[in-house]
Novice: 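This is the structure, below, for whatever I ask next.
Per chain, numbering begins at 1; letters A, B, ... match sequence-line order.
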2 protein chains.
Amino acid sequence: MSMAPGSTDSAENGGGGPTLARAPRRATISDVAREAGTGKTSISRYLNGELGVLSPDLRARIEAAIERLDYRPNQMARGLKRGRNRLLGLLLADLANPYSVEVLQGVEAACHALGYMPLICHAANEVEMERRYLQLLTTYRVEGVIVNALGVRESMLKPVGSGGIPAVLIDRTVDGLEADVVGLDNPAAVRLGTEHLLARGYDDIVFVVQPFEHVSSRREREAAFRASMQATKGAACGMTQVLDLHDDAAAEAALAALDAHVARAAARGARCALFAANAPVALRLALHLKSALGAQWQQRVALIAIDDPEWAELAGITTIRQPTREIGYRAVEFLHERIEGAAPAARAAAFEGELVARASTLG
Amino acid sequence: MSMAPGSTDSAENGGGGPTLARAPRRATISDVAREAGTGKTSISRYLNGELGVLSPDLRARIEAAIERLDYRPNQMARGLKRGRNRLLGLLLADLANPYSVEVLQGVEAACHALGYMPLICHAANEVEMERRYLQLLTTYRVEGVIVNALGVRESMLKPVGSGGIPAVLIDRTVDGLEADVVGLDNPAAVRLGTEHLLARGYDDIVFVVQPFEHVSSRREREAAFRASMQATKGAACGMTQVLDLHDDAAAEAALAALDAHVARAAARGARCALFAANAPVALRLALHLKSALGAQWQQRVALIAIDDPEWAELAGITTIRQPTREIGYRAVEFLHERIEGAAPAARAAAFEGELVARASTLG
DNA sequence: CTGTTAGCGCTTTCAG
DNA sequence: CTGAAAGCGCTAACAG
């Protein structure tokens with residue numbers, strides 16, 4: 001019988017049963033080598049799939065030893081030696097946003113396919129967290145990062161090609177940073193929504209968006225909205241309302257303004273619709289409308305939103321669904337290519353959104 | 001001027017600007033030592049906060065060198081040497097469930113406070129994924145794992161005290177595994193909901209829960225429901241309906257049975273309420289009721305659920321909110337204690353739920 | 001086909 | 001106060 005790795009002459013496990021046994025150091029490659037009566041090189045070869053080069057006998061002994069010792073190669077040591085640890089950093093601005101979770105699923109799928117382990121970091125909407133995590137990822141020597149930026153500055157990530165960690169951006173670009181980006185085709189998506197509303201006879205549309213700050217997608221969507229409205233021949237009226245979800249006072253004021261606008265429109269006999277730039281905004285709007293107009297708010301004002309959260313169907317609001325899984329998947333593919341050394345110029349992948357029409361805008 | 005770490009005589013960076021520079025190997029502790037004109041020991045001491053032991057001069061030189069080289073200690077190497085890498089594994093059954101995301105936030109907060117880095121793994125409801133991730137975590141030598149189990153078998157995790165990685169379970173226990181558990185006080189929470197319903201005059205309550213499988217919390221809640229109803233003096237009628245969210249055919253059948261039950265109750269003049277064992281079940285129920293009974297479903301049948309997802313307020317359903325952040329936080333604390341060596345018997349932390357009464361059960 | 005020998009980047013005795 | 005040296009667990013030449 002073989003002895004447990006660290007038990008040369010130890011007094012551990014004093015009694016009999018598996019009671020308070022101090023964690024018996026995990027087996028190392030040397031333990032396995034000894035157990036199999038060979039050198040570590042062969043073990044290493046076995047682990048790395050260089051099987052053709054091992055005699056069947058040796059190979060069998062190694063297998064048995066590994067089995068007996070319940071050996072698991074130490075990735076850290078491996079990474080240290082090889083210079084690559086198969087770790088990818090995934091920095092998410094806000095996991096409470098279903099969008100992030102869905103993207104994450106795509107990222108995970110791709111990581112499995114490509115043999116990476118995603119190190120998921122959640123900035124919880126705090127720029128400071130984001131900065132710390134980015135440092136931490138550096139410290140763990142991840143081979144690349146996928147960033148759904150909150151407030152990352154160009155200085156925290158080196159541009160593609162120069163020194164820094166390979167990075168790809170999701171949904172949002174970073175001012176002055178040249179890097180791969182993957183996300184929604186914002187202009188097309190917004191146009192899709194706007195045209196749907198116009199076609200359904202809504203002639204007074206308010207685009208509601210969070211403060212732009214450094215979030216490029218917000219700005220892009222708003223710009224696309226104005227462009228769409230401008231392109232319209234008709235007399236439809238469009239305006240933008242900023243809604244700060246993280247500042248209650250400001251939010252209340254914005255919502256009040258919105259209420260007033262809706263009331264005026266109604267008085268004028270116009271058909272009013274609210275276009276939320278993303279799911280969190282849509283939720284806030286829906287909650288407010290419900291409390292302001294009662295359970296029947298749906299009949300008073302139409303609501304459409306980019307993103308398609310699970311409750312959209314329940315509330316019956318129209319949405320523009322993003323192919324979130326694919327976005328995450330593609331991001332990893334891009335990153336993988338860079339890690340593998342291909343160093344093309346920064347690319348951008350813009351996916352099409354899909355309109356999911358529901359009661360809210362079909363009334 | 002100091003040279004970049006790996007550029008002894010290299011031809012890299014051929015031209016001038018920061019153009020296509022091949023990633024210039026990150027600085028190592030030796031680079032810093034050389035740059036500061038000292039040995040690596042002192043650098044190590046500096047990094048580990050043993051400042052009192054360094055002369056102000058040396059200390060300043062080290063600081064400068066680190067700054068110049070933009071040096072970041074390699075956690076992997078550190079971990080290898082020290083035997084601990086400050087990594088905690090967090091294995092989540094389903095991130096699409098808001099519950100998980102909230103728990104995650106508590107875990108993150110605690111990790112920061114205690115100096116850990118959470119390695120988040122998402123099993124996406126697949127037992128096989130769960131198994132693979134558990135192996136992977138082992139391989140990365142995480143110091144402990146927090147598991148929101150899906151189908152982990154006792155064999156995958158060694159009981160507290162014997163050999164294996166320290167583990168704490170969230171929400172669900174694992175058959176035959178002796179380990180710390182933290183979660184909701186299920187009996188109390190269910191009683192809270194049941195009593196609320198009874199007090200509001202509902203006399204026909206159906207408890208809807210996913211197939212028990214190996215998920216202890218489902219079983220516990222269902223048992224608590226029956227116990228609560230039994231304890232009732234009145235003639236209220238209670239029954240349980242299993243709803244398999246991952247099997248459409250079975251789900252349809254279950255929902256049809258539910259419809260029939262509700263109709264019979266209505267005919268009998270009874271006041272009927274549905275008690276969802278968790279948020280995913282509640283969502284499915286709400287969606288179904290809406291499509292079966294129309295937008296006014298709320299007036300036909302009451303809905304209450306354990307968990308308090310963001311859309312609950314919107315749908316106006318009553319919920320029993322779990323202190324999710326605290327659950328996550330406490331899990332890390334438990335784990336930390338074990339990692340630090342304290343080896344008390346397995347503990348359990350059961351948090352109280354809070355009833356959030358909304359229109360659905362106040363009608 | 002197999003084993004020996006150097007390290008990867010860092011911490012930690014153990015001597016100055 | 002400071003540094004030299006010996007590894008942590010693993011891989012990768014380089015010899016047999």
Novice: Send over the distance from B:K40 NZ to C:dT13 P, rounded to a whole Å.
Specialist: 16 Å
Novice: For the pair made of CZ in B:R84 and C1' in C:dT11, what is the distance, rounded to whole Å?
Specialist: 14 Å
Novice: Could you check whether the side chain of A:R45 and the base of C:dG3 have a donor-acceptor pair of N or O atoms closer than 3.5 Å, going by distance alone?
Specialist: yes
Novice: Is there, by distance only and without an angle test, a donor paired with an acceptor across the side chain of B:T41 and the base of D:dA4 below 3.5 Å?
Specialist: yes
Novice: Are any non-hydrogen side-chain atoms of B:I62 and B:S42 less than 4.5 angstrom apart?
Specialist: yes
Novice: Check this for me: does any side-chain nitrogen of one of A:R59 and A:D57 sit under 4.0 Å from a carboxylate oxygen of the other?
Specialist: no
Novice: Calculate the interatomic distance between A:E35 atom CD and D:dG9 atom P; express it in whole Å.
Specialist: 17 Å
Novice: The test is ring-ring contact (aromatic ring centres under 6.0 Å, His included); show your working for A:Y133 and A:H122 and say whether it passes.
Specialist: CA-CA 8 Å; A:Y133 269 129; A:H122 177 206; 8.4 Å; no
Novice: Considering just the side-chain nitrogens and oxygens of B:N48, establish if one lies under 4.0 Å of OP1 or OP2 belonging to C:dT11.
Specialist: yes
Novice: From CZ of B:R26 over to P of C:dC8, roughly how many Å is that when rounded to an integer?
Specialist: 18 Å
Novice: How long is the line joining CE of B:M76 and P of C:dC10, in whole Å?
Specialist: 12 Å
Novice: From the list D:dC10, C:dG9, D:dG3, which nucleotide is the closest neighbour of the side chain of B:T28?
Specialist: C:dG9
Novice: Suppose we call a contact any N or O donor and acceptor under 3.5 Å apart; does that hold for the side chain of A:K81 and the base of C:dG7?
Specialist: yes
Novice: Quick check on DNA chain D: between A:E50 and B:R59, whose nearest nucleotide comes earlier from the 5' end?
Specialist: B:R59
Novice: Which nucleotide sits closest to the side chain of B:T38: C:dT12, D:dG3, C:dT2?
Specialist: D:dG3
Novice: Consider the side chain of A:I29, meaning its heavy atoms from C-beta on, and name the nucleotide among D:dC10, C:dT11, C:dC1 that approaches it most closely.
Specialist: D:dC10
Novice: Look at all strands and tell whether A:L58 reaches a base, only sugar-phosphate, or nothing, counting heavy atoms closer than 4.0 Å.
Specialist: sugar-phosphate
Novice: Round to the nearest Å and state the distance from A:R86 atom CZ to D:dC10 atom P.
Specialist: 18 Å
Novice: So, are B:E337 and B:R330 salt-bridged, with charged N and O less than 4.0 Å apart?
Specialist: no
Novice: Would you give the length of the straight line joining atom CG of A:L150 to atom CE of A:M129, rounded to the nearest 0.5 angstrom?
Specialist: 11.5 Å
Novice: B:S42 side chain N/O closer than 4.0 Å to the phosphate oxygens (OP1, OP2) of D:dT2?
Specialist: no
Novice: Measure OH/B:Y71 against C1'/C:dC10 and give the value in whole Å, please.
Specialist: 7 Å
Novice: Tell me the interatomic distance from A:R141, atom CZ, to D:dC10, atom C1', rounded to whole angstroms.
Specialist: 18 Å
Novice: Check every strand shown and say whether A:L54 touches a base, only sugar-phosphate, or nothing at a heavy-atom separation below 4.0 Å.
Specialist: sugar-phosphate
Novice: Map A:G39 and B:L47 onto DNA chain C by nearest heavy atom, then report which one ends up closer to the 5' terminus.
Specialist: A:G39
Novice: Are any of the side-chain nitrogens in A:R26 or A:D31 under 4.0 Å away from the carboxylate oxygens of its partner?
Specialist: no
Novice: Nearest to the A:R78 side chain among C:dG3, D:dT11, C:dC10, which nucleotide is it?
Specialist: D:dT11
Novice: Looking at A:Y46, I'd like to know whether one of its side-chain N or O atoms comes within less than 4.0 Å of OP1 or OP2 on D:dT11.
Specialist: no
Novice: Any N or O donor-acceptor pair linking the side chain of A:S55 to the base of C:dT2 at under 3.5 Å?
Specialist: no
Novice: Answer yes or no: does a side-chain N or O of A:S30 lie under 4.0 Å from OP1 or OP2 of D:dC10?
Specialist: no
